[in-house]
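Each chain gets a letter, A, B and so on, in the order the sequences are listed, and its residues count up from 1.
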2 protein chains.
Amino acid sequence: MKLQQLHYIVEVLHNNLNVSKTAEHLYTSQPGISKQIRMLEDELGLEIFARSGKHLSHVTAVGEQIIGLAQEILSKTQAIKAVAAEHTHPQQGNLTIATTHTQARYTLPKVIAPFIQRYPEVSLHMHQGSPTQISEAAAQGQADFAIATEALHLYQSLVMLPCYHWNRSLLVQPGHPLAQVNKVTIEELGQFPLVTYVHGFTGRSELDNAFNNAKITPKIVFTATDADVIKTYVRMGLGVGVLASMAYEPEKDTDLVAIPAGHLFAASTTKIGFRRSTFLRAYMYDFIEGFAPHLSRSKVEQAMAMQRQEDIDALFSHMQLPTL
Amino acid sequence: MKLQQLHYIVEVLHNNLNVSKTAEHLYTSQPGISKQIRMLEDELGLEIFARSGKHLSHVTAVGEQIIGLAQEILSKTQAIKAVAAEHTHPQQGNLTIATTHTQARYTLPKVIAPFIQRYPEVSLHMHQGSPTQISEAAAQGQADFAIATEALHLYQSLVMLPCYHWNRSLLVQPGHPLAQVNKVTIEELGQFPLVTYVHGFTGRSELDNAFNNAKITPKIVFTATDADVIKTYVRMGLGVGVLASMAYEPEKDTDLVAIPAGHLFAASTTKIGFRRSTFLRAYMYDFIEGFAPHLSRSKVEQAMAMQRQEDIDALFSHMQLPTL
DNA sequence: AGTCGTTACGATGCCCGTAAGGATA
DNA sequence: TATCCTTACGGGCATCGTAACGACT
């Protein structure tokens with residue numbers, strides 16, 4: 001058994017059982033991978049991948065167990081490398097953040113600016129995607145951190161730490177009827193066509209919940225994955241924008257009116273997630289604390305030591321989180 | 001980084017930093033190990049072992065972290081092999097039990113007999129040693145199970161499950177004054193010379209506690225690591241034997257009188273311990289359940305999923321354990 | 001017909017073991 | 001002086017990449 005063989009079976013799984021694609025991604029030859037997998041299977045005396053003819057059709061039951069263990073092994077080899085790098089070059093390294101448009105555009109810039117100032121030798125990579133893609137990237141080790149409001153909880157291998165609460169604002173053109181109302185009700189809002197996020201993005205589920213609870217079917221005429229697109233269509237008069245408050249920029253959005261709507265919806269919580277088994281570099285702790293000041297290194301370590309997400313949630317349930 | 005390199009650094013640590021000894025144990029050449037370690041250090045850019053001249057003097061701080069991770073990696077490779085073996089040859093395998101004389105001689109035989117009947121193809125290895133040696137053997141992966149009353153708690157990587165409670169009996173020659181007493185008190189016992197276990201063996205600590213609490217200094221004239229030796233000296237009239245009740249065999253020890261002493265000492269609990277990270281074969285679950293019927297497979301799995309020993313203790317604190 | 005995994009083969013390079021060297025206790 | 005790690009060197013073997021083959025969609 002060799003580390004490379006374990007690496008191969010994991011990567012083949014992540015490439016939809018396509019060995020040729022895997023070979024490309026790993027910059028090696030396809031027969032090499034095939035042979036190593038075959039040798040591992042021979043050594044263990046079983047099939048990890050089931051073949052139908054000359055195609056890998058699916059992963060066997062034992063194969064899944066083995067690949068699971070292989071992933072843990074590989075992530076620990078990464079930890080060894082990280083420990084070594086931390087010791088030899090504490091200021092150098094990589095930081096890969098997978099996040100949504102909302103975070104990348106509105107909350108992360110003011111965190112990243114001081115970070116690259118402080119750690120010029122850390123090369124920063126940002127991946128943007130849907131909450132599901134982001135979570136998967138973190139779970140598979142492609143990203144160090146996933147920052148999102150949704151979907152993170154679907155991956156059990158991730159530690160999720162709450163960063164801040166936020167709520168929504170309504171965005172309308174000047175002169176819109178709602179701009180005159182003192183405190184908008186959910187019923188009033190339900191009478192206008194709405195422009196908001198698509199399902200599974202940026203706390204969209206809380207919007208649906210609020211309307212469901214009020215037994216109102218909202219007239220959602222347009223959905224987008226990011227606030228900039230929503231604003232564009234609000235400017236076109238398509239409807240009332242319902243978006244995260246931090247996406248409203250008073251200086252730039254002078255042609256639009258923001259109406260507080262925090263009383264209409266339950267607050268959402270943005271979380272940062274990472275694999276439990278990873279070794280966090282010092283600069284990673286610094287990044288987390290820069291993003292969410294209450295997540296000091298010791299608090300994060302405390303949370304990482306916990307196995308169950310419920311324990312982690314309990315740890316932070318007493319704390320006052322920032323609200324944006 | 002290769003698995004073999006990780007194996008080498010772990011083994012060198014377990015051999016007191018003596019590379020030559022390590023090479024013998026691993027049936028390979030000494031320069032081979034030296035070179036691989038050196039190559040790993042070069043790859044990581046740091047020293048795992050500090051050298052003074054041409055001797056390995058100690059493990060560096062980073063080295064300890066890395067070796068710790070290496071051990072976890074290696075134990076997971078063992079898990080992969082175990083998963084494979086379980087799938088291909090469910091009835092075959094090894095079972096190595098490290099235990100004390102007391103368990104090996106008096107409690108294990110009636111468990112092992114049916115076990116080898118049930119699993120004739122599992123080759124069984126028993127290692128006998130002091131509680132500390134036993135625990136270390138399990139912690140290092142040399143033994144699958146450690147069964148003992150003492151010292152197990154010193155190793156944090158071990159999961160410990162309580163098997164049964166037991167207490168002590170006094171053993172005297174017929175006609176001894178204590179044989180006439182109705183219910184022996186600790187004061188009465190303190191007046192006679194005692195023969196019992198040495199420190200750190202078979203619940204010896206509870207004996208000391210009882211005398212300490214009574215503010216009595218017992219006259220311990222002879223200590224041994226096993227009950228057979230204790231009995232021998234009781235037969236010679238050296239003193240009153242204080243030993244685990246299960247070590248008194250009515251059929252064989254007809255020339256001695258056993259006096260219940262459970263009311264004098266706090267009960268001890270014999271535990272079975274194994275590394276949290278190991279994959280347990282089906283026959284291993286069967287062995288555990290054979291030894292302690294309340295430790296069903298599901299209960300064991302439940303306990304293994306817990307990270308903290310306190311949680312495990314809590315799990316079993318509600319249960320009625322067998323008493324020998 | 002195209003995609004894909006397996007087999008075959010030759011060359012590179014790694015790893016092991018023996019032998020000799022130098023440092024320490 | 002004995003033990004012990006390091007360096008040097010040669011043989012063997014595993015691995016990799018190219019090329020050809022066979023099978024499934």
Side-chain angles (χ1 to χ4, degrees), chain A residues 1-60 62-63 66-67 70 73-74 77 80-81, chain B residues 1-60 62-63 66-67 70 73-74 77 80-81:
Chain A
M1 187 187 315
K2 308 212 174 100
L3 283 176
Q4 212 169 15
Q5 295 171 334
L6 302 180
H7 194 202
Y8 285 166
I9 59 174
V10 169
E11 285 299 322
V12 166
L13 178 64
H14 287 167
N15 284 274
N16 297 316
L17 307 183
N18 186 324
V19 179
S20 304
K21 290 261 172 60
T22 309
E24 283 178 31
H25 282 138
L26 297 179
Y27 304 105
T28 184
S29 72
Q30 178 271 322
I33 295 182
S34 277
K35 187 164 192 189
Q36 289 306 318
I37 292 179
R38 182 60 65 131
M39 286 177 68
L40 177 60
E41 290 180 325
D42 287 348
E43 180 182 341
L44 297 179
L46 48 81
E47 286 206 320
I48 295 171
F49 299 106
R51 276 92 167 163
S52 75
K54 299 234 163 175
H55 287 248
L56 304 191
S57 57
H58 62 277
V59 183
T60 63
V62 247
I66 291 172
I67 292 178
I73 288 173
L74 294 171
T77 65
I80 288 181
K81 287 180 189 164
Chain B
M1 189 188 315
K2 310 217 170 91
L3 283 175
Q4 211 167 16
Q5 295 172 334
L6 302 180
H7 194 204
Y8 285 167
I9 59 175
V10 169
E11 285 299 321
V12 165
L13 179 63
H14 287 167
N15 283 274
N16 297 316
L17 307 184
N18 185 325
V19 179
S20 304
K21 290 261 172 59
T22 309
E24 284 178 30
H25 282 138
L26 297 180
Y27 305 104
T28 183
S29 72
Q30 177 272 319
I33 295 182
S34 277
K35 187 164 192 190
Q36 289 305 319
I37 292 180
R38 182 60 65 132
M39 284 176 68
L40 177 61
E41 290 180 326
D42 287 350
E43 180 183 341
L44 297 178
L46 47 81
E47 284 206 322
I48 295 171
F49 300 106
R51 277 88 166 165
S52 76
K54 298 234 165 173
H55 288 247
L56 304 191
S57 56
H58 62 277
V59 182
T60 63
V62 247
I66 291 171
I67 292 177
I73 288 173
L74 294 172
T77 64
I80 288 181
K81 288 179 189 165

**side-chain contact (heavy atoms from CB on, under 4.5 Å) between Val59(A) and Phe49(A), worked out** = CA-CA 5 Å; Val59(A) 183; Phe49(A) 299 106; 4.0 Å; yes
**Message:** Does anything in residues 18-28 of chain A form a side chain to side chain donor-acceptor pair (under 3.5 Å)? List the pairs, not counting sequence neighbours.
**Reply:**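 Sorted result for residues 18-28 of chain A: Asn15(A)-His25(A).
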Round to the nearest Å and state the distance from [X] atom [atom1] to [N] atom [atom2].
| X | N | atom1 | atom2 | result |
| --- | --- | --- | --- | --- |
| Glu43(A) | dA14(D) | CD | C1' | 13 Å |
| His58(A) | dG5(C) | NE2 | C1' | 17 Å |
| His55(B) | dT3(D) | NE2 | P | 11 Å |
| Leu40(A) | dA14(D) | CG | P | 16 Å |
| Ile37(A) | dA14(D) | CD1 | P | 19 Å |
| Leu56(A) | dT3(C) | CG | P | 18 Å |
| Glu41(A) | dG5(C) | CD | P | 13 Å |

Please tabulate, one pair per line, each protein N/O and nucleotide N/O from nucleotides 15-22 of chain D that are separated by under 3.5 Å, including the distance.
residue, atom, partner, partner atom, Å
dT15(D), OP1, Lys2(A), NZ, 2.0
dC16(D), OP1, Gln4(A), OE1, 3.1
dC16(D), OP1, Gln4(A), NE2, 3.2
dG17(D), OP2, Thr28(A), OG1, 2.7
dG17(D), OP2, Ser29(A), N, 3.1
dG17(D), OP2, Ser29(A), OG, 3.3

**OP1 or OP2 of dT6(C) under 4.0 Å from side-chain N/O of Arg51(A)** =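 Looking at the OP1 and OP2 atoms of dT6(C), one of them is under 4.0 Å from a side-chain N or O of Arg51(A).
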**Item:** Any Arg38(A) side-chain N or O less than 4.0 Å from OP1/OP2 of dT6(C)
**Value:**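 For dT6(C), OP1/OP2 do have a side-chain N/O of Arg38(A) under 4.0 Å.
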Student check: side-chain heavy atoms of [X] and [Y] closer than 4.5 Å:
| X | Y | result |
| --- | --- | --- |
| Leu44(A) | Val62(A) | no |
| Leu26(B) | Ile33(B) | yes |
| Val12(A) | Leu17(A) | yes |
| His7(B) | Thr77(B) | no |
| Ile48(A) | Ile37(A) | no |

**Message:** Under the side chain to side chain donor-acceptor pair (under 3.5 Å) test against Ser34(A), which residue among Gln30(A), Gln36(A), Arg38(A) passes?
**Reply:**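 Of the listed residues Gln30(A), Gln36(A), Arg38(A), the side chain to side chain donor-acceptor pair (under 3.5 Å) partner of Ser34(A) is Gln30(A).
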**Prompt:** Among residues 11-24 of chain B, which residues get a heavy atom nearer than 4.0 Å to DNA chain C?
**Reply:**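 Close to the strand, none.
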**Request:** Output, in order, the C-alpha distance, side-chain angles, deciding distance and verdict of side-chain contact (heavy atoms from CB on, under 4.5 Å) for Val19(A) and Leu56(A).
**Result:** CA-CA 8 Å; Val19(A) 179; Leu56(A) 304 191; 3.8 Å; yes
